[in-house]
Amino acid sequence: MNPFLDGKRALICFLKKNPHDHKIYKLKLDELKNLVKSLNIIIVDTVVQTRLKPTSNYYLGKGRVMAVKEQIKENKIDLIIFYNRLSSKQRLNLNRFLEVPVLDRNDIIFELFRRGASDKLSLLQIEYAEISRMLPYYKLIVKEKFMSDRAFLGSSGEYGYHNTLKAYTRRLCKIKGEMDDYFQDKLSQIEKRKALNKPSVCISGYYNAGKTTLFNFLTGESKEASSKPFTTLVSKYQTCKLDKDILFIDTIGFVADMDLNVLKSFTLNMLDIMNADLILFTVGLDDDLEAIKFKIQQGFEIYRELRIDFNKILLVFTKTDLLGIEAFKNYKSALTELYPPDKTIFISVLNRFGLPDLMDKIKCNLRTHGNCIEII
Ligand SMILES: Nc1nc2c(ncn2[C@@H]2O[C@H](COP(=O)(O)OP(=O)(O)O)[C@@H](O)[C@H]2O)c(=O)[nH]1
Ligand SMILES: [Mg+2]
């Protein structure tokens with residue numbers, strides 16, 4: 001829990017840059033709202049402004065920012081959360097003008113990461129990414145603070161400015177050193193696993209798609225599964241209980257429109273995805289069709305940026321039990337058009353539906369695409 005966020009009243013702001021977008025922005029907003037609610041923050045209202053470009057000072061137009069300020073007073077708002085990523089200058093200007101903390105979506109994601117992190121390496125990776133990401137903002141604040149102390153060459157202001165920034169840089173170096181030790185350890189574990197010569201299947205996809213539930217079923221493990229975002233931060237590895245020759249990996253989930261640099265701060269997770277012989281891209285059917293299609297498209301964008309060969313990806317739709325017979329038929333016919341049928345699978349771990357088909361397709365695709373030993 002973070003006393004700074006818990007139970008606070010928030011106003012969500014979204015700048016829509018495409019005036020013709022009438023639905024995608026709603027899906028993006030809904031996803032942000034889910035993340036925010038999972039932090040126990042109360043969403044009081046949402047402000048959406050359509051503008052082709054953000055303003056350099058306040059992101060939103062000045063008139064809209066004034067209206068937000070009014071709303072803060074009227075509705076007793078404690079903090080502002082932007083969907084869009086703010087520059088250091090916009091963040092500082094907004095903080096000062098609105099006189100309440102202003103966060104963006106990456107702040108929310110990092111807070112969720114922090115809450116989910118239970119091991120030293122995850123905490124170090126998060127701190128490293130956080131300081132690197134926020135350094136330009138800290139620089140701006142520190143610069144203004146010390147420049148008001150009339151910083152000229154050799155003055156106490158300039159001295160303080162450089163000292164404070166050096167402290168951040170020193171901290172980054174220290175974390176990097178500590179992370180390297182953990183990395184060596186983890187990399188040697190990866191090497192050992194490779195030496196076993198078992199093909200690896202990485203369960204990837206959105207948070208809450210049912211990745212860990214599927215991993216537990218396939219391996220007989222009992223790792224924590226929950227609807228909370230980012231419950232799994234550290235990859236889990238285990239052989240399949242039905243076929244000891246296949247190694248399954250449960251990895252970190254992603255969100256739509258995710259900043260790839262945020263995801264990349266979990267380097268080892270990314271290595272797991274990139275090195276896997278096969279990837280199960282899991283997508284929950286507990287959404288409407290539009291949202292599911294959007295998630296698929298966004299997921300493939302991430303895999304593209306990670307330079308993953310799409311031939312190695314199977315699209316696994318989970319939670320079929322949540323749909324009635326008619327709805328399932330509709331979903332299935334709409335979704336099977338999107339991807340090759342030999343790479344699309346519908347399952348429910350809850351109802352034990354589609355799991356033999358999943359195993360068959362995994363084995364079949366490993367034979368074709370895995371640089372691995374023969375699978376019977
Ligand atoms: N109805 C239903 N719920 C499921 C199924 N698989 C997972 N869930 C639920 O979906 C939520 C997220 O599951 P989890 O495995 O933690 O998802 P992850 O974030 O992708 O690892 C949990 O509440 C699970 O109980 C399923 O087949 N059917
Ligand atoms: Mg999980």
Side-chain angles (χ1 to χ4, degrees), residues 27 31 199-219 225 227 229-233 235-237 240 246-258 260 262-264 266 269-320 322-323 331-332 334-349 353-355 357-366 368-370:
L27 300 176
E31 191 173 72
S200 59
V201 180
C202 180
I203 307 178
S204 169
Y206 286 81
Y207 78 87
N208 203 24
K211 298 183 296 301
T212 303
T213 308
L214 178 61
F215 175 82
N216 285 343
F217 174 79
L218 293 169
T219 62
S227 56
F230 309 116
T231 310
T232 311
L233 282 183
S235 297
K236 309 284 186 317
Y237 314 85
C240 177
I246 304 176
L247 184 73
F248 279 101
I249 308 171
D250 182 20
T251 54
I252 189 171
F254 44 74
V255 291
D257 207 10
M258 192 159 185
L260 206 65
V262 172
L263 204 56
K264 277 186 177 164
F266 289 88
N269 286 280
M270 292 306 102
L271 285 178
D272 285 330
I273 299 178
M274 286 149 87
N275 286 327
D277 293 293
L278 208 60
I279 292 166
L280 306 185
F281 175 15
T282 51
V283 183
L285 292 176
D286 47 354
D287 253 324
D288 62 42
L289 266 174
E290 280 308 325
I292 291 174
K293 285 182 184 170
F294 170 68
K295 282 185 171 179
I296 295 171
Q297 177 248 325
Q298 292 278 307
F300 277 109
E301 275 308 310
I302 291 179
Y303 295 130
R304 190 192 314 278
E305 292 205 47
L306 292 175
R307 297 174 198 279
I308 286 168
D309 175 4
F310 284 5
N311 284 315
K312 291 201 312 191
I313 300 175
L314 302 190
L315 189 51
V316 182
F317 293 105
T318 62
K319 309 190 192 183
T320 56
L322 294 177
L323 299 172
Y331 273 57
K332 196 169 176 182
L335 296 170
T336 37
E337 282 174 11
L338 301 177
Y339 207 58
D342 60 323
K343 291 180 186 294
T344 306
I345 306 116
F346 291 81
I347 64 162
S348 158
V349 177
F353 169 80
L355 298 161
D357 182 35
L358 173 68
M359 282 310 292
D360 284 349
K361 282 181 174 150
I362 289 175
K363 287 182 187 176
C364 178
N365 278 278
L366 276 176
T368 330
H369 301 293

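Since this is a predicted model, take the numbers as computed values, not measurements. Positions are given from 1, in the same order as the sequence printed here.
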Trainee: For the residue pair M270 and L263, establish whether any side-chain heavy-atom pair is separated by less than 4.5 Å.
Mentor: yes
Trainee: So which pairs with a foot in residues 201-212 pass salt bridge (Lys or Arg N to Asp or Glu O under 4.0 Å), sequence neighbours left out?
Mentor: none
Trainee: Carefully, step by step, assess I347 and V316 under the rule side chain to side chain contact (heavy atoms under 4.5 Å, CB included).
Mentor: CA-CA 7 Å; I347 64 162; V316 182; 3.8 Å; yes
Trainee: Would you say the side chain of F294 lies within less than 4.5 Å of the side chain of D287, judging by non-hydrogen atoms?
Mentor: no
Trainee: Counting C-beta onward and ignoring hydrogens, is there a side-chain heavy-atom pair between I362 and L280 closer than 4.5 Å?
Mentor: yes
Trainee: Kindly say whether T344 contributes a backbone atom to a donor-acceptor pair with the side chain of K361 at under 3.5 angstrom?
Mentor: yes
Trainee: For the rings on Y339 and F281, is their centre-to-centre separation under 6.0 Å?
Mentor: no
Trainee: Step by step, work out the ring pair (Phe, Tyr, Trp, His ring centres under 6.0 Å) result for F254 and Y206.
Mentor: CA-CA 5 Å; F254 44 74; Y206 286 81; 5.0 Å; yes
Trainee: Grab the two heavy atoms, one from Y331 and one from D288, that are nearest each other, plus how far apart they are.
Mentor: OH-CA, 3.5 Å
Trainee: Got a second to check how far L366's CG is from S200's OG, nearest 0.5 Å?
Mentor: 8.5 Å
Trainee: As an exercise, state the distance from CD1 of I203 to CZ of F215, rounded to the nearest 0.5 Å.
Mentor: 6.5 Å
Trainee: With a 4.5 Å heavy-atom cut-off, do N365 and L314 have their side chains touching?
Mentor: yes
Trainee: Could you walk me through whether Q298 and D257 pass the side chain to side chain contact (heavy atoms under 4.5 Å, CB included) check?
Mentor: CA-CA 6 Å; Q298 292 278 307; D257 207 10; 3.6 Å; yes
Trainee: Mind checking the CG-CG spacing from N311 to L278? Nearest 0.5 Å is all I need.
Mentor: 10.5 Å
Trainee: So with a 6.0 Å cut-off around NZ of K236, is the heavy-atom count from everything else above 12?
Mentor: yes
Trainee: How close do S348 and L355 get, heavy atom to heavy atom, and via which atoms?
Mentor: O-CD1, 4.1 Å
Trainee: With ring centroids as reference points, do F248 and Y237 lie under 6.0 angstrom apart?
Mentor: no
Trainee: Side chains of I273 and I308, heavy atoms from C-beta outward: is any pair under 4.5 Å?
Mentor: yes
Trainee: Let me see the working for T336 and F346 under side chain to side chain contact (heavy atoms under 4.5 Å, CB included), right down to the final yes or no.
Mentor: CA-CA 10 Å; T336 37; F346 291 81; 3.8 Å; yes
Trainee: Are V283 and L335 packed together at the side-chain level, in the sense that at least one heavy-atom pair is separated by less than 4.5 angstrom?
Mentor: no
Trainee: State whether a side-chain donor-acceptor pair under 3.5 Å links N269 with T251.
Mentor: no
Trainee: Run the side chain to side chain contact (heavy atoms under 4.5 Å, CB included) test on F317 and I296 for me, step by step, so that the C-alpha distance in whole Å, both residues' side-chain angles and the decisive distance to 0.1 Å come before the verdict.
Mentor: CA-CA 10 Å; F317 293 105; I296 295 171; 3.7 Å; yes
Trainee: Are V349 and T318 close enough that some pair of their side-chain heavy atoms sits under 4.5 Å apart?
Mentor: no
Trainee: Quick one: pull up OG1 in T320 and CG in D286 and give me the separation to the nearest 0.5 Å.
Mentor: 11.0 Å
Trainee: So, taking the atom named CD in E31 and the one named CE in M258, what distance separates them when rounded to the nearest 0.5 Å?
Mentor: 9.5 Å
Trainee: If every non-hydrogen atom of A276 is compared with every non-hydrogen atom of C202, which pair is closest and at what distance?
Mentor: CB-CB, 3.5 Å
Trainee: At their closest point, which heavy atom of L289 faces which heavy atom of A334, and how far apart are they?
Mentor: CD1-CB, 3.9 Å
Trainee: To the nearest 0.5 Å, tell me how far L358 CG sits from T282 OG1.
Mentor: 10.5 Å
Trainee: Quick one: closest heavy-atom pair of I279 and S204, and the distance?
Mentor: CG2-CB, 3.9 Å
Trainee: Please report the shortest heavy-atom distance between C240 and M359, naming the atom on each side.
Mentor: SG-CE, 3.8 Å
